[in-house]
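Here the structure is laid out as structure tokens; the discussion comes afterwards.
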Amino acid sequence: AQASTTPGDGVSSAPEVPVVTVAVDAMGGDHGVAATVGGAALLSTEDTDIRILLVGDVAQMSAFLDTVRYDASRVQLVPADGFVAMHEKP
């Protein structure tokens, strides 16, 4: 006989933990990508129920990610066509 895992058959499983997705403006910050992308990279290695979308200049974000440890399965780079620099008025 084949084992069944349908509800109510006495087989219990752990409840699913929802994955939280957070979008981060990687270019927005007083310390640039070092702070935003660095923080996201660190978080990706510590928390198993979070996915991070880093929005900004893909070349800058990729260059920084090449220098740090991170979980690539939980970090996605999203290109932005442009951004407002610190000295510019929004």
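None of these values were measured; they are calculated from a predicted model.
Within the 3.5 Å criterion, the main-chain N or O of F64 finds a donor-acceptor partner in the side chain of T67.
For S62 against L77, the heavy-atom pair with the smallest separation is OG-CD1, 3.3 Å. Closest of all the heavy-atom pairs between V37 and A26 is CG2-CB, 3.8 Å. In terms of heavy atoms, A41 sits closest to V68 at CB-CG2, 3.8 Å.
To the nearest 0.5 Å, the span separating CE on M61 from CE on M27 amounts to 7.0 Å. Note that OH of Y70 and CD1 of I52 are 11.0 Å apart. Values are rounded to the nearest 0.5 Å. One distance of note links CG of D25 with CG of L54; it measures 10.0 Å at 0.5 Å rounding. Note that CD of Q76 and OG1 of T21 are 9.0 Å apart. Values are rounded to the nearest 0.5 Å. Separation of atoms CZ (R51) and CG (L43) is listed at 13.5 Å; rounding is to 0.5 Å.
L53 and V19 sit in two unconnected hydrophobic clusters of ILVMFWY residues. Membership requires side-chain heavy atoms under 4.5 Å apart, directly or through other members. Neither I50 nor V78 shares a network with the other; the hydrophobic side chains, linked directly or stepwise wherever heavy atoms of I, L, V, M, F, W or Y lie under 4.5 Å apart, form separate groups for each. Each of L42 and V55 belongs to its own hydrophobic cluster when Ile, Leu, Val, Met, Phe, Trp and Tyr are linked at side-chain heavy-atom distances under 4.5 angstrom.
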